[in-house]
**Student:** 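Before we start, here is the structure in question, set down as structure tokens.
Values below: all heavy atoms of this structure, side chains included; hydrogens, waters and symmetry mates excluded. Chain A is the first sequence line, chain B the second, and so forth, proteins listed ahead of strands; every chain is numbered from 1.
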Amino acid sequence: MSLKLADQHLDSIRAHGARDYPNECCGILLGKADDNAKQVVEVVPLANLRHDPKRAQELLPLAEPARESERNRFLIDPLEQLKVEKHARARGLDVVGYYHSHPDHPARPSTYDRVHAWPWYSYVIVAVARGVPKALTSWVLAEDRSRFKEEEILQLPSSA
Amino acid sequence: MPVKVIIPTPLRQYAGKQDAIEIQATTVAEALAGLTTQYSDLRKHLFTEDGKLRNFVNVYLNDEDIRYLKKDQTPLHDNDVISIVPSIAGGSHLRCICS
Ligand SMILES: [Zn+2]
């Protein structure tokens, strides 16, 4: 599988990573998938629910809250996710994946990313070093959950 | 009564490639049990080994999180829509944020 993204989508993910630095940003990738590729049609930025530690902790507790925060963890509000998904379905689009940033950390999935990952989705990671977006990569969880496989990103020219 | 269960993209491969499945049930628990009886490959993605809903799975009845209703005992009405919403979380490295 490969992930097809237009310039404008990549720009929007990088800009979100820079905007929310030094915190992690996150968002949804909407598009269409066939057996060979996922094509992103729209990038939807969302708030990192770890900004609201109490609510986030209620939904998905952190093991070490003293060392985990919106600086190194993200969580998407499931209700926001449901709304975006509904709106997408009405337009014939599916959720093909998600993106998040790694502030001052390489664009490689962490163990925490892997433990929380679902099969099939594309997980795009953008590294943001001192506020400047750097490498951008995409990953899919291996069938046995033991690791992430890096996925090819096909960059398409922006649509008008 | 007939209700619809919306299947998120990563789980469709375990549900006959369908994006929604109609089920006869009177509670959320019954609906999910019916679903995983019909599509047994879904079970390990939704439930722990001791049969509890996994932490990483959110279940919405129409627009409400069943955590804040009667959990899996929430009663269903005709044409209700149950959405399985995968918990989306991640992060980078673990660091001391105390400084
Ligand atoms: Zn990560």
**Student:** Using non-hydrogen atoms only, which part of A:Arg114 is less than 4.5 Å away from chain B: side chain, backbone, both, or neither?
**Tutor:**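 When you check distances to chain B, no heavy atom of A:Arg114 falls under 4.5 Å.
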
**Student:** Please look at A:Ile125 and chain B and tell me whether the side chain, the backbone, both or neither of the residue comes under 4.5 angstrom of a heavy atom of that chain.
**Tutor:**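 For A:Ile125, neither part sits under 4.5 Å from chain B.
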
**Student:** Of the listed residues (A:Arg108, A:Lys86, A:Arg89, A:His100), which shares the most heavy-atom pairs with chain B below a 4.5 Å separation?
**Tutor:**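 Of the options given, most contacts go to A:Arg89.
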
**Student:** According to a 4.5 Å side-chain heavy-atom criterion applied to Ile, Leu, Val, Met, Phe, Trp and Tyr, with indirect links allowed, do B:Ile84 and A:Ile28 form part of one hydrophobic cluster?
**Tutor:**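 Yes.
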
**Student:** Verify the cluster assignment for B:Val85 and B:Val81: are they in a single hydrophobic cluster under the rule of side-chain heavy atoms below 4.5 Å apart?
**Tutor:** no

**Student:** Check the hydrophobic clustering (I, L, V, M, F, W, Y; side-chain heavy atoms under 4.5 Å; chains of links allowed) and say if B:Leu32 and B:Tyr60 are grouped together.
**Tutor:** no

**Student:** Please classify the contact between A:Leu60 and chain B as side chain, backbone, both or neither, with a heavy-atom cut-off of under 4.5 Å.
**Tutor:** side chain

**Student:** Please flag which part of A:Phe74 lies under 4.5 Å from any non-hydrogen atom of chain B: side chain, backbone, both or neither.
**Tutor:** both

**Student:** Could you tell me whether A:Glu58 and B:Arg67 have a side-chain N and a carboxylate O separated by less than 4.0 Å?
**Tutor:**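 Result for this pair is no, no salt bridge flagged.
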
**Student:** Tell me, side chain or backbone of B:Asp19 under 4.5 Å from chain A's heavy atoms, or both, or neither?
**Tutor:**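 Both backbone and side chain.
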
**Student:** By a 4.5 Å heavy-atom criterion (distance strictly below it), what part of A:Glu64 contacts chain B: side chain, backbone, both, or neither?
**Tutor:** side chain

**Student:** Quick one: what part of B:Gln13 sits under 4.5 Å from any heavy atom of chain A, side chain, backbone, both or neither?
**Tutor:**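 B:Gln13 touches chain A through side-chain heavy atoms alone.
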
**Student:** Can you see whether B:Phe47 has B:Arg54 sitting over its ring - NZ or CZ less than 6.0 Å from the centre and within 45° of the normal?
**Tutor:** no

**Student:** Could you label the plane-to-plane angle of the B:His93 and A:His105 rings as parallel, tilted or perpendicular, counting under 30° as parallel and over 60° as perpendicular?
**Tutor:**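 Ring orientation of B:His93 relative to A:His105: parallel.
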
